[in-house]
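As structure tokens, the structure follows; a few thoughts come after it.
So that the names make sense, note that chain A is the first sequence line, chain B the second, and so on, each numbered from 1.
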Number of protein chains: 2
Amino acid sequence: MSSMSAEASIPIPRMASDERRELVLKAATEVFGQRGYAGTTTDQVAAAAGVSQPYVVRIFGTKEKLFLAVLQRALDVMMVAFRQALSEEPELPVSQRMGRAYVDLLQDRGLLLSLMHGFVLGADPEIGRVARCGFLEVYKFLKAEAGLGSVEAAEFLAHGMLLNTLVGIRMTDEYDTNPDAREMLEGSLGAKLPLLLALDHTRTAS
Amino acid sequence: MSSMSAEASIPIPRMASDERRELVLKAATEVFGQRGYAGTTTDQVAAAAGVSQPYVVRIFGTKEKLFLAVLQRALDVMMVAFRQALSEEPELPVSQRMGRAYVDLLQDRGLLLSLMHGFVLGADPEIGRVARCGFLEVYKFLKAEAGLGSVEAAEFLAHGMLLNTLVGIRMTDEYDTNPDAREMLEGSLGAKLPLLLALDHTRTAS
DNA sequence: CGGTGTTGTAATCGGATGATTACTTATTCG
DNA sequence: CGAATAAGTAATCATCCGATTACAACACCG
């Protein structure tokens with residue numbers, strides 16, 4: 001009978017630290033994307049990841065290191081997506097493939113917004129360094145691998161920053177009710193607008 | 001001789017509440033622009049404005065209301081600048097005048113960055129409302145008053161968001177040492193780059 | 001004068017939050 | 001097995017920060 005108590009308590013599944021780290025990183029990306037670096041608490045990240053608050057700080061050391069890891073992961077994911085987009089569907093123009101790959105990054109919730117939050121915190125020594133380095137990495141890729149000129153690359157980046165802003169400001173919330181918002185979204189995104197609108201539906205429908 | 005003690009203590013200059021409010025608002029714009037909404041303390045704003053911390057919260061009620069006032073002021077200043085740019089130098093093309101007016105807003109330290117911080121906090125009910133409304137106001141102006149088409153307006157906004165990002169990420173810090181950064185800044189800003197570089201010099205020289 | 005409203009501060013409070021410590025439970029391996 | 005290692009948490013701490021309160025000094029006005 002002494003074994004009954006052991007059977008009554010369901011064994012809590014453990015996880016390899018690598019998997020757990022990745023899981024927390026994804027959860028942190030979502031929360032940081034919505035609330036920004038300073039506006040996010042380690043407790044909110046922990047809740048989103050389904051672990052305790054002390055555990056997320058033990059995995060990453062400090063909240064700042066966690067945010068830096070989120071930024072680095074976002075940049076890595078982006079570069080992988082860009083390189084894959086370059087290698088596929090060679091019949092389409094480069095700019096179109098890159099734009100499509102960029103919009104597809106919205107599937108990874110909070111990824112582009114976490115980056116954006118990092119970009120506007122350039123005054124912070126650590127965050128600024130990673131942000132500048134990552135931004136320049138993208139620019140170098142656009143020129144050296146995607147074959148864009150410096151003005152074309154700037155144009156691509158400009159549209160990317162506008163997309164980030166429109167997502168961050170939640171302009172799609174006004175799409176159904178505000179004709180101006182609708183028109184602006186269409187003028188800004190063109191054929192890529194449906195991809196953005198579809199995202200909101202998956203969120204509200206879940 | 002009883003008046004001597006009164007003469008010894010230098011009378012502290014008072015200020016009309018309107019002036020003081022404006023002064024705090026400008027100081028808050030600078031600090032919020034550098035550190036974001038959640039990353040800024042009311043104490044930092046107070047120090048920048050040269051008043052006590054309880055006073056800045058008494059003027060505005062709460063920190064959030066202060067940030068909303070900063071956003072509203074930034075939007076107002078921007079619209080005034082745009083309208084003035086439209087009415088002056090009619091020999092130049094509209095887009096050039098608007099772009100120039102936008103870059104000139106960098107003179108008001110933190111103004112564009114505070115806006116940017118507001119834009120990426122669209123998930124916040126209050127901040128999001130003001131940010132969306134202000135952004136749409138600009139778009140409507142570009143179409144109705146500046147006479148741009150929806151795609152041209154989006155193009156203008158895109159370059160604005162890229163400028164905001166480059167300022168926020170402090171890309172100009174790398175201008176002298178990093179050839180890639182130099183090239184990207186030139187490709188992004190073109191003739192407006194000197195205006196941006198001049199700003200940093202005024203800051204480091206002060 | 002003197003009293004009344006306004007500008008402004010010092011002191012302090014209470015809640016939030018990042019981090020630390022100590023402990024528990026599972027897994028791995030000789 | 002059983003000891004060692006790793007995954008994970010509960011409890012708690014110390015600090016920060018927005019807000020409140022109570023008070024001080026000055027201006028205006030009768």
Side-chain angles (χ1 to χ4, degrees), chain A residues 2-25 27-28 31-32 34-70 117 121 124 126-127, chain B residues 2-25 27-28 31-32 34-70 117 121 124 126-127:
Chain A
S2 63
S3 61
M4 269 190 70
S5 62
E7 285 170 339
S9 67
I10 301 150
I12 294 148
R14 293 289 174 93
M15 210 176 253
S17 64
D18 295 359
E19 299 174 57
R20 189 62 89 185
R21 188 189 153 97
E22 208 61 31
L23 195 145
V24 172
L25 222 40
V31 185
F32 278 129
Q34 283 218 7
R35 319 179 77 107
Y37 169 58
T40 296
T41 73
T42 55
D43 204 46
Q44 290 166 340
V45 172
V51 297
S52 67
Q53 179 265 338
Y55 197 36
V56 351
V57 357
R58 202 175 65 178
I59 295 176
F60 294 94
T62 67
K63 176 182 160 183
E64 183 173 49
K65 284 179 184 167
L66 167 60
F67 186 64
L68 292 173
V70 164
H117 281 289
L121 289 180
D124 180 284
E126 313 279 341
I127 297 174
Chain B
S2 63
S3 61
M4 269 189 71
S5 62
E7 285 169 339
S9 66
I10 300 150
I12 295 147
R14 293 290 176 93
M15 208 176 255
S17 64
D18 294 359
E19 300 174 56
R20 189 61 88 185
R21 188 189 151 95
E22 208 60 32
L23 195 144
V24 172
L25 222 39
V31 185
F32 278 129
Q34 283 217 7
R35 318 178 79 105
Y37 169 57
T40 296
T41 73
T42 55
D43 204 46
Q44 290 165 341
V45 172
V51 297
S52 67
Q53 180 265 338
Y55 196 36
V56 352
V57 357
R58 203 174 64 178
I59 295 176
F60 294 93
T62 66
K63 175 182 160 183
E64 183 173 49
K65 284 179 185 168
L66 167 60
F67 186 64
L68 292 173
V70 163
H117 281 289
L121 289 180
D124 181 285
E126 312 279 340
I127 297 174

Worksheet, complete the sentence: In whole angstroms, the gap separating P of D:dC17 from CG of B:L66 amounts to 15 Å
Worksheet item: Using a cut-off of less than 4.0 Å, is there contact between a side-chain N or O of A:S17 and OP1 or OP2 of D:dA7?
Response: yes
Item to complete: Output all residues satisfying side chain to side chain donor-acceptor pair (under 3.5 Å) with A:Q53, sequence neighbours left out; order by chain, then residue number.
Response: A:T42
Practice prompt. Could you go through the side chain to side chain contact (heavy atoms under 4.5 Å, CB included) check for A:V31 and A:R35 one step at a time?
Written response: CA-CA 6 Å; A:V31 185; A:R35 319 179 77 107; 3.9 Å; yes
Discussion item. List the residues meeting side chain to side chain contact (heavy atoms under 4.5 Å, CB included) with A:S17, not counting sequence neighbours, and say none if there are none.
Written reply: none
Item to complete: Would you kindly give the CZ-to-P distance between B:F60 and D:dG18, to the nearest whole Å?
Response: 15 Å
Item to complete: Output all residues satisfying salt bridge (charged side-chain N to carboxylate O under 4.0 Å, His left out) with A:E22, sequence neighbours left out; order by chain, then residue number.
Response: A:R73
Worksheet item: Any side-chain N or O of B:Y55 under 4.0 Å from OP1/OP2 of C:dG8?
Response: yes
What donor-acceptor contacts under 3.5 angstrom involve side-chain atoms of residues 59-68 of chain B, with partners at least two apart or in another chain?
{"from": "B:T62", "atom 1": "OG1", "to": "B:E64", "atom 2": "N", "distance (Å)": "3.4"}
{"from": "B:T62", "atom 1": "OG1", "to": "B:K65", "atom 2": "N", "distance (Å)": "3.1"}
{"from": "B:K63", "atom 1": "NZ", "to": "B:Y37", "atom 2": "O", "distance (Å)": "3.2"}
{"from": "B:K63", "atom 1": "NZ", "to": "B:T40", "atom 2": "O", "distance (Å)": "2.7"}

Worksheet entry | N or O in side chain of B:R20 less than 4.0 angstrom from C:dG8 OP1/OP2 | yes
Worksheet item: Going 5' to 3' along nucleotides 14-21 of chain C, which nucleotides have protein heavy atoms under 4.0 Å from the base (write B), which only from the sugar-phosphate (write S), and which from neither (write -)?
Response: ---SBBB-
Fill in: For A:A38, side chain to side chain contact (heavy atoms under 4.5 Å, CB included) partners two or more places apart
B:A38
